[in-house]
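Below is one structure, written out as structure tokens; comments come after it.
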Amino acid sequence: MTHFLSKRLPKPRPGPGPGRVLVTVAALVAALGLGALTPAEAATEGSSVTVSEADVSTSSATDRSAGTAHGFASLEGGTTGGAGGKVVTVTTQADLERYATAEEPYVIRVAGAIKAEPFGANIAVASDKTVIGVGTAGELVQGELHLAPGTHNVIIRNLTIRDSYVEGDWDCKDTDFDGIQMDTAHHVWIDHNRFSRICDGQLDIRKDSEYVTVSYNRFENNNKTFGIGWTPNVKTQITVDHNWFRGTKQRNPSADNCAYAHLYNNYMTAQADPGDPVWTYGNWSRGATRMVIENSYYDGVQHPYQADTTAELVQRGSILRNTTGRHEEWGAAFEPRDFYAYRPDPAAAVPGLVSRFSGPREELGGNTVLNVPGDHPTLQAAVDAVPDGNDGTITIRLAPGTYREQVRIAAAKSSPWTDMSGFSWRDARFAEYRTYGPGATITADRPQLPDADAATHTVTDHLAGTDGWAPHARHH
């Protein structure tokens, strides 16, 4: 446990104003090298540490890598994945399977390429998981992520899933090597991934899966790309936006018996196997599906959108360039804004936006944000979520509020006081008391608080100093 000795936050000016609250724990986490504590900053003499409403506002519509699910995955409680669980980094199939199948929530960072064995192996993903690639390096090779019936609250982001294709088997009728397959799952967000050369479906959403969003992915070099259905029931609700279908033949997507399928700002080009007059196509509203297509861009596509006579399809605002074959619309389908707010980009901007922002992103997966109290009820809970040996950047983000707690942090550095936001430990005058962990060895550069002083030395006493400062008293 770490105590403040004399680096006391100064007395604030009266009335910090609406939406601004004093935070007295900011320097603690920053000093211990956990990464960052935002939006609070390290305290300096003559200033107050604050958190403002503006600092913690939600991501704007122009943030193409926002960490919050949108569309149907945001409804009925939303999709948060492993938020609230520990953050782990995996580089092997064994570790990926260990954490992905665990009962407790995890944020699982995939660092590097993991080659699944045997060829086409399924890796089960249980409920309350986030599986995210670190930068553009996270890959699953010749394997499948599988969500069994009942699985819920799963986020899969920023991965490349590739190369389970069997040479010479373009139809893949004898295999079931999907990239991601889910059966009767709910609240799933598939975002910023790249799928390439999969046998058979790159993404199969099956058997009454609900509250699903598929966004900013790249689907490349495949026959049966993205199927939804395999059920006589009409239950699935799905949002499909800002995806790039390039070099794919069919199911882009094919939606069978979807209660609501909302497709907007998708980009389809360089269609594979253009000589097939029937089964090379773009979007297909099948069975009893109600589909809405908005502001998408089709370039050189045969049968860009079509519908069974039993289905409904509304198309508005899309751009069709050198398209042929079926362009079918009938029925009223539904109004997506009756379910959630969204703002589609202009169709003319789709090729530039989607080609630039879809697929794995370098900025994703490297910095894990732990929100307090959104993901973790206390600062201590967020600190405890950081595992031993963590090699990634962890940002602990505090919402507006007053935080009154003592935080215990396991020492991870041999000299944890050498870098404290520009202040040396001699100026800040921290002291340790009963620190623990692999980096807890006592040295001359690590002053220790005596037991006698620790018995009477509390954060409240320290902050009070000689002037009785007690900012929390106003809230009692």
Side-chain angles (χ1 to χ4, degrees), residues 64-73 79 81-82 90 96 100 107-116 122-125 129-147 151 153-165 177-182 185 187-205 209 212-222 224-228 238-248 251-253 263 265-268 353-366 368:
R64 307 287 169 173
S65 303
T68 304
H70 58 280
F72 278 112
T79 303
V90 300
L96 177 57
V107 175
I108 305 167
R109 302 167 66 248
V110 179
I114 295 177
K115 186 176 182 179
N122 288 353
I123 296 176
V125 180
K129 302 293 182 296
T130 295
V131 183
I132 184 168
V134 178
T136 57
E139 296 189 346
L140 177 62
V141 182
Q142 68 181 42
E144 171 188 311
L145 297 177
H146 183 81
L147 282 62
T151 302
N153 194 30
V154 171
I155 296 172
I156 300 174
R157 302 187 79 196
N158 215 49
L159 289 173
T160 291
I161 302 175
R162 62 176 175 88
D163 292 335
S164 63
Y165 174 66
F177 298 157
D178 294 338
I180 299 175
Q181 182 186 103
M182 66 187 77
H187 290 95
V188 181
W189 184 27
I190 309 295
D191 179 71
H192 278 97
N193 302 289
R194 183 174 74 90
F195 301 85
S196 183
R197 292 174 50 83
I198 301 295
C199 195
D200 83 309
Q202 295 189 330
L203 174 59
D204 280 358
I205 298 173
S209 293
V212 179
T213 295
V214 179
S215 56
Y216 288 95
N217 300 284
R218 293 189 177 192
F219 297 92
E220 303 171 350
N221 308 316
N222 221 71
K224 301 170 184 177
T225 308
F226 174 7
I228 313 162
I238 186 166
T239 302
V240 181
D241 70 279
H242 294 92
N243 300 284
W244 190 0
F245 299 87
R246 179 176 60 172
T248 58
R251 302 181 186 174
N252 297 290
L263 285 60
N265 288 149
N266 296 294
Y267 181 34
M268 187 169 183
L353 289 173
V354 173
S355 61
R356 177 180 177 186
F357 292 108
S358 64
R361 307 285 296 170
E362 189 62 44
E363 68 269 19
L364 289 176
T368 303

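Quantities reported herein were computed from a predicted structural model and do not represent experimental measurements. Nothing fancy with the numbering, it's 1 onward along the sequence.
Of all heavy-atom pairs spanning Met182 and Ser209, the tightest one is CG-OG, 3.7 Å. Minimum heavy-atom separation, Ile198 to Gly179: CG2-N, 3.4 Å. In plain terms, the two heavy atoms of Pro253 and Ile228 that are nearest each other are CB-CD1, 4.1 Å. The two residues Gln142 and Ala116 make their nearest non-hydrogen contact at NE2-O, 2.8 Å. For Asn158 against Arg361, the heavy-atom pair with the smallest separation is OD1-N, 2.6 Å. Contact record, Pro360 with Gly135: CB-O, 4.4 Å, taken as the closest heavy-atom pair.
Here Lys224 contributes atom NZ and Cys199 contributes atom SG; the two are 8.0 Å apart, rounded to the nearest 0.5 Å. With rounding to the nearest 0.5 angstrom, the CD atom of Gln181 is 5.0 Å from the NE2 atom of His146. Rounding to the nearest 0.5 Å places CZ of Phe245 at 5.0 Å from CZ of Phe219. The CD1 atom of Ile114 lies 10.0 Å from the CD atom of Glu139; values are rounded to the nearest 0.5 Å. In this structure, the separation between CG on Leu159 and CG on Asn217 is 10.0 Å, given to the nearest 0.5 Å. Interatomic distance, CH2 of Trp244 versus CD of Glu220, reported as 7.5 Å (0.5 Å rounding).
Looking at residues two or more places apart in sequence or on another chain, you find a side chain to side chain contact (heavy atoms under 4.5 Å, CB included) between His242 and Arg64, Tyr216, Tyr264, Asn265, Asp345, Val354. Residues forming a side chain to side chain contact (heavy atoms under 4.5 Å, CB included) with Thr368 (at least two apart in sequence, or on another chain): Val87, Val107, Arg109, Leu370, Ile394.
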Which is it for Asn193 and Leu203 under the side chain to side chain contact (heavy atoms under 4.5 Å, CB included) test, yes or no, and what are the steps along the way?
CA-CA 11 Å; Asn193 302 289; Leu203 174 59; over 6 Å; no

With side chain to side chain donor-acceptor pair (under 3.5 Å) as the criterion, how do Glu144 and Ser164 come out once you've worked through the C-alpha distance, each side chain's angles and the decisive distance to 0.1 Å?
CA-CA 9 Å; Glu144 171 188 311; Ser164 63; over 6 Å; no

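Between Asp200 and Asp178 the shortest side-chain heavy-atom distance falls below 4.5 Å. With a 4.5 Å cut-off on side-chain heavy atoms, Ile205 and Val188 do not count as touching. Counting only heavy atoms from C-beta outward, the side chains of Trp189 and Ser215 approach each other to under 4.5 Å. At a threshold of 4.5 Å between non-hydrogen side-chain atoms, the residues Asp241 and Thr213 count as touching. Contact check for Val110 versus Leu140: no side-chain heavy atoms found under the 4.5 Å cut-off. Considering only heavy atoms from C-beta on, Phe226 stays 4.5 Å or farther from Phe195 through its side chain. At least one side-chain heavy atom of Ile156 sits less than 4.5 Å from a side-chain heavy atom of Leu147. Side-chain contact check for Arg218 versus Thr160: every heavy-atom pair is 4.5 Å or farther apart.
When atom types are taken as modelled, the side chain of His187 and the backbone of Gly81 share no donor-acceptor pair closer than 3.5 angstrom. Formation of a donor-acceptor pair under 3.5 Å by the Thr79 side chain with backbone atoms of Ala73 is found in this model. The backbone N or O of Arg197 sits nowhere less than 3.5 Å from a side-chain atom of Asn221 that would complete a donor-acceptor pair.
Residue Asn243 forms a side-chain hydrogen bond (donor to acceptor under 3.5 Å, both in side chains) with just one option from Asn252, Asp191, Asn266, Thr225, and that option is Asn266.
Side-chain polar atoms of Thr136 and Glu362 form a donor-acceptor pair below 3.5 angstrom.
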